[in-house]
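Data first, discussion second: the structure below is written as structure tokens.
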Amino acid sequence: MTEPKFLTYQDVSSVIIRFVGDSGDGMQLTGTQFTDTSAVYGNDISTLPDYPSEIRAPSGTLAGVSGFQVNFSSEDILTPGDAPQVLVAMNPAALKTNLGDLELGGTLIVNTDAFTEGNLKKAGYPHNPLEDGSLAGYQIHLVPLTSLNRTALHQIEGLANKDIDRCQNFFALGITFWLFDRPLTTSLKWIQDKFGKQPKIAQANKLALQAGYDYAENASLFQTRYQIKPAHLPAGTYRKITGNEALAYGLVTVASKGNKPILYCSYPITPATDILHTLAALKHFNVRTFQAEDEIAAIGAAIGAAFGGAFAVSGTSGPGIALKSEGINLAVALELPLVVVDVQRGGPSTGLPTKPEQADLLQVMFGRHGESPVPVIAPATPSDCFNVAIEAFRLAVRAMTPVFILSDGYLANSAEPWLIPNPDDIAPIVVEHATAPNSETGFLPYLRDPETLSRPWAIPGTPGLEHRIGGLAKQPMTGNVSYHPTENEQMNHERAAKIAKLADFIPEQTLIGPPSGDVLVVSWGSTFGAVHSAITQLHATGRAISHAHLRYLNPFPRNLGAMMSGFERIIVPEMNLGQMLFILRSHCTSHRNFIPISKIQGRPFTIRELVEKLTAILEERP
Amino acid sequence: MTELTRKDFVSDQIVRWCPGCGDYAILAQVQKLLPELGIPREKIVFVSGIGCSSRFPYYMNNYGVHSIHGRAVPIATGLKMAHPDLNVWVITGDGDGLSIGGNHFIHLMRRNVDLNIILFNNRIYGLTKGQYSPTSPQGLKTKSSPMGSLEQPLNPIAIAIGAEATFVARTIDGHLKHMAQVLERAAKHKGTSFVEIYQNCVIFNDGAFKYAADAATRPDNVVELEHGKPLIFGKKRDKGVRLNGLEPEIVSLATVSEKEILVHNETAPPSLAYLFSQMHHPHLPEPIGVFRSLERPTYDAQVQAQVDTAIQLKGQGDLHKLFYDADTWQVPQV
Ligand code: SF4
């Protein structure tokens, strides 16, 4: 081995790398492997997969490009990063669609073998960008990756070129492992576990990884090798987790902590489907999954299961919520506890199935006929989906109500380190089913608890409590059908008061920064990472700005109105055209000065754009 | 446990169907049947959708849900998955079960959830005051079809057979003895038991089933299916149904030997039951009784079995193990 002439080691605190290629190139896997290795190495990580909704768009086309971005750091990070500093492009289409995001002066690793005339044409390049000087602003590394990989794997007998080429993503991974001084062990172990039963494939992938690594070392490809030290996260044992996994694990925890079966009812829909997949494999936790014939059947089955005394969940995305609205309203009228998960995606209509948006807020708040108050909570980070799943059930059972969880496509697929909790430290979910009549005249299904205002949960199979409930207007207490004007009005008030009363149960809103002043930024859901990071940067430059991130969207924390009154201007960044702002405005009518920061591009906010926009707003009033 | 009687299943709510509605007879028959099943009252649940028939659960004194239009089936399915030991009944109608809830109907049949579904077929929308329904005959003049309905009617029995239902039967509101038998068999069947009941709506479609319900004309217009028996009918039981190629035809037993008459077999391949489902008045006698009855594992039992198997194979779920089932790393105290 010849040591490259000017090889230097450089310590950097964090790097953002993006792997891009054809959807058949295995970029999601490559990104995941890079993430796993970095996580196990001890870096803080945050990921952003970006894949087309087509399963396999024609190869080499712009529509077929799939990408995976990883931000890995020796410091605490909260987002997958704004612009990549390193771009690994497996073909011209991938280069074309992603180059605009790469930082100027950034590192570009290109598979030159894929820059054929045909591929250039499919990507719409009139000239080969590798030859026309258009990439002069980047540190470009030209690697004939396909042929190098073929040469390296040539020695394995009986492997077709097709199988060999399938390993070239591991060759690329090997190059990046060398560049960032990562050990190969985690990926080698993964390959062995995955392909143990196909020894040739296992051998080929391992060889490709090693060959890529060795190539980077021997070919003097790079002058600098980067080192990113482990991050100083709070002490404990960590693993990597995505939002959808965390949500599924939260639900499993609910079943275990509440000592009840959980029934997850769902119709496959992007980006929620992974929750169904995860839970379907966890039946030994007393989990039942129901893949319904449609979204409506899914919520129906959840209602039936809740009536039967199970923890019932229906998971979907925005279009599914629209179909479930009538069913959710039945749960509101029946006053049964269940959880509806909305992993939001871009809309309206089929919209952007694989991209995130926060534009279902008004739908879940108001998108049902009649007076239909439903609690809404939103996770802030991928791992927070775990906590929110548990919290949703606490609220549902306490108030005998459906509860919405508003996740989104970014949280769903993005991964971060998760400080693994001790399950014994998680409080049990206490459910008290009615077992005896609650009045002298027998069992009154709508007799309310004076503290929570919720009705008893009596389940079929309990002798002496036989009762009927339904979607028609009811008489208070008995629940018998009643169209009586004041009885109907009373029931509407009771249901509203019951949900409003949850504000006494949930924690008060906290903020960072001064408790009063010029500007309060109010955010919710998945924007937490970007907003929090932007605020931290602004604080570092001495700006006075405060930030409150909402988890409870309905009801709001009891102190939120007063908190907002302490500020002159309220800035609301969200991935929609101002939905939370609309609600806040009616919550705090004395306040007039609301400023939206909207983004509706199917992409999360970047820290940089938030810093710029917030700075501009701050500077309007020096 | 004290013996239950019919009265134990009568709720305190006033029944609000129109006087003379066929629903009354069905309610009475079900209330009579339930005490005979030996199932504790608290284990019985009635789930309905929307429509005249769907008021049914309010009049029963056990657990019940009166839900939303077309959705009784998924609600009952979820209930049964959560609580397989309940005795669940779905009450629906031709609009509720076959129009707005048509999708759920077929999926219930193929899944074979262990519940009983009774479809009150009056071939009209009653609660919304008289529009044609998916089972209305072509040409029926209603408020929404003043020049006659254009639509080929749906055949619920044929759909159930096509969706691989394990128990398919038809009876008539006015034929109490027959209804009692069919409902009892439905109740005792393991799996989805589908019963279509010809139900007279006195207000909007009076007499739609007169040919079958009227004791005087019934023997000539209806053939009662009985397992292993030939299809013989008529007041004097002098007519039979014979297969001519693929077409059933009426023959006189005076001229044709009984050996040539079609024999019913509830467990035969579905083509036989389907053939019966296509026999319509006035060309052929309309079959009532059990078209098909066979055993197949139920959905809810299999759901439970998968949970049990998973526990057997992997042990009762352990959260600690689950959380740690990934590449983990330690961040030390500093
Ligand atoms: S409208 Fe018809 S089906 Fe409805 S209750 Fe009256 S008679 Fe019965």
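Every chain is numbered from 1 and lettered A, B, ... according to where its sequence line falls, protein lines coming before strand lines.
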Over 12 foreign heavy atoms within 6.0 Å of CZ, B:Arg16: no
Residue A:His433 excluded, over 12 heavy atoms near NE2 under 6.0 Å: yes
Given a strict heavy-atom distance threshold of 4.5 Å, which part of [X] is in contact with chain B: side chain, backbone, both, or neither?
| X | result |
| --- | --- |
| A:Thr289 | backbone |
| A:Leu263 | side chain |
| A:Leu330 | side chain |
| A:Ala297 | both |
| A:Ala39 | both |
| A:Leu334 | side chain |
| A:Phe386 | side chain |

Per-residue contact mode, B:Arg110 against chain A (heavy atom under 4.5 angstrom): neither
Per-residue contact mode, B:Gln13 against chain A (heavy atom under 4.5 angstrom): side chain
[options]: which one forms the most heavy-atom pairs within less than 4.5 Å of chain B?
| options | answer |
| --- | --- |
| A:Ile241, A:Asp36, A:Val481, A:Asn329 | A:Val481 |
| A:Gly461, A:Gly327, A:Gly42, A:Ala310 | A:Gly461 |
| A:Gly471, A:Ala306, A:Ala298, A:Gly236 | A:Gly236 |
| A:Gly300, A:Gly470, A:Ala281, A:Ser256 | A:Gly300 |
| A:Lys283, A:Lys260, A:Glu245, A:Glu293 | A:Glu293 |

Selection from B:Leu322, B:Asp327, B:Val47 maximising heavy-atom pairs under 4.5 Å formed with chain A: B:Leu322
Approximate separation, where rounding is to 0.5 Å, of B:Asn103 CG and A:Ile296 CD1: 8.5 Å
Nearest-0.5 Å distance that lies between atom CZ in A:Phe290 and atom OH in B:Tyr299: 5.0 Å
Where do [X] and [Y] come nearest, in terms of heavy atoms and distance?
| X | Y | value |
| --- | --- | --- |
| A:Glu466 | B:Asn61 | CB-O, 4.0 Å |
| A:Ile459 | B:Tyr63 | O-OH, 3.4 Å |
| A:Arg239 | B:Thr328 | CB-CG2, 4.2 Å |
| B:Trp329 | A:Val40 | CB-O, 3.5 Å |
| A:Phe307 | B:Val45 | CE2-CG1, 3.9 Å |

Main-chain N/O of B:Asn62 paired with A:Arg468 side-chain donor or acceptor, under 3.5 Å: yes
Beyond-backbone contact of B:Phe323 with A:Thr253, side-chain heavy atoms, under 4.5 angstrom: yes
Any side-chain heavy-atom pair of B:Leu319 and A:Phe285 under 4.5 Å: yes
Flag for A:Thr462-B:Glu42: side-chain donor and acceptor within less than 3.5 Å: no
Set of side chain to side chain donor-acceptor pair (under 3.5 Å) partners for A:His467, sequence neighbours left out: none
Below 3.5 Å, can you tabulate the donor-acceptor pairs from side chains in residues 65-85 of chain B to any protein atom, sequence neighbours excluded?
residue : atom : partner  : partner atom : Å
B:His66 : ND1  : B:Tyr58  : OH           : 3.2
B:His66 : NE2  : B:Gly49  : O            : 3.4
B:Ser67 : OG   : B:Ser48  : O            : 2.7
B:His69 : ND1  : B:Ile50  : O            : 3.3
B:His69 : ND1  : B:Asp96  : OD1          : 3.0
B:Arg71 : NE   : B:His69  : O            : 3.3
B:Arg71 : NH1  : B:Ile100 : O            : 3.2
B:Arg71 : NH1  : B:His104 : NE2          : 2.9
B:Thr77 : OG1  : B:Val73  : O            : 2.8
B:Lys80 : NZ   : B:Pro84  : O            : 2.7
B:Lys80 : NZ   : B:Leu86  : O            : 2.6
B:His83 : ND1  : B:Asp85  : OD1          : 2.7
B:His83 : NE2  : A:Pro460 : O            : 3.2
B:Asp85 : OD2  : B:Lys43  : NZ           : 2.9

Contacts of residues 300-318 of chain B with chain A (heavy atom under 4.5 Å): B:Val303, B:Gln304, B:Gln306, B:Val307, B:Ala310, B:Ile311, B:Lys314, B:Gly315, B:Gln316, B:Gly317, B:Asp318
Do any side-chain atoms of residues 417-424 of chain A form donor-acceptor pairs under 3.5 angstrom with protein atoms, and if so which ones, sequence neighbours left out?
residue  : atom : partner  : partner atom : Å
A:Asn422 : OD1  : A:Asp424 : N            : 3.0

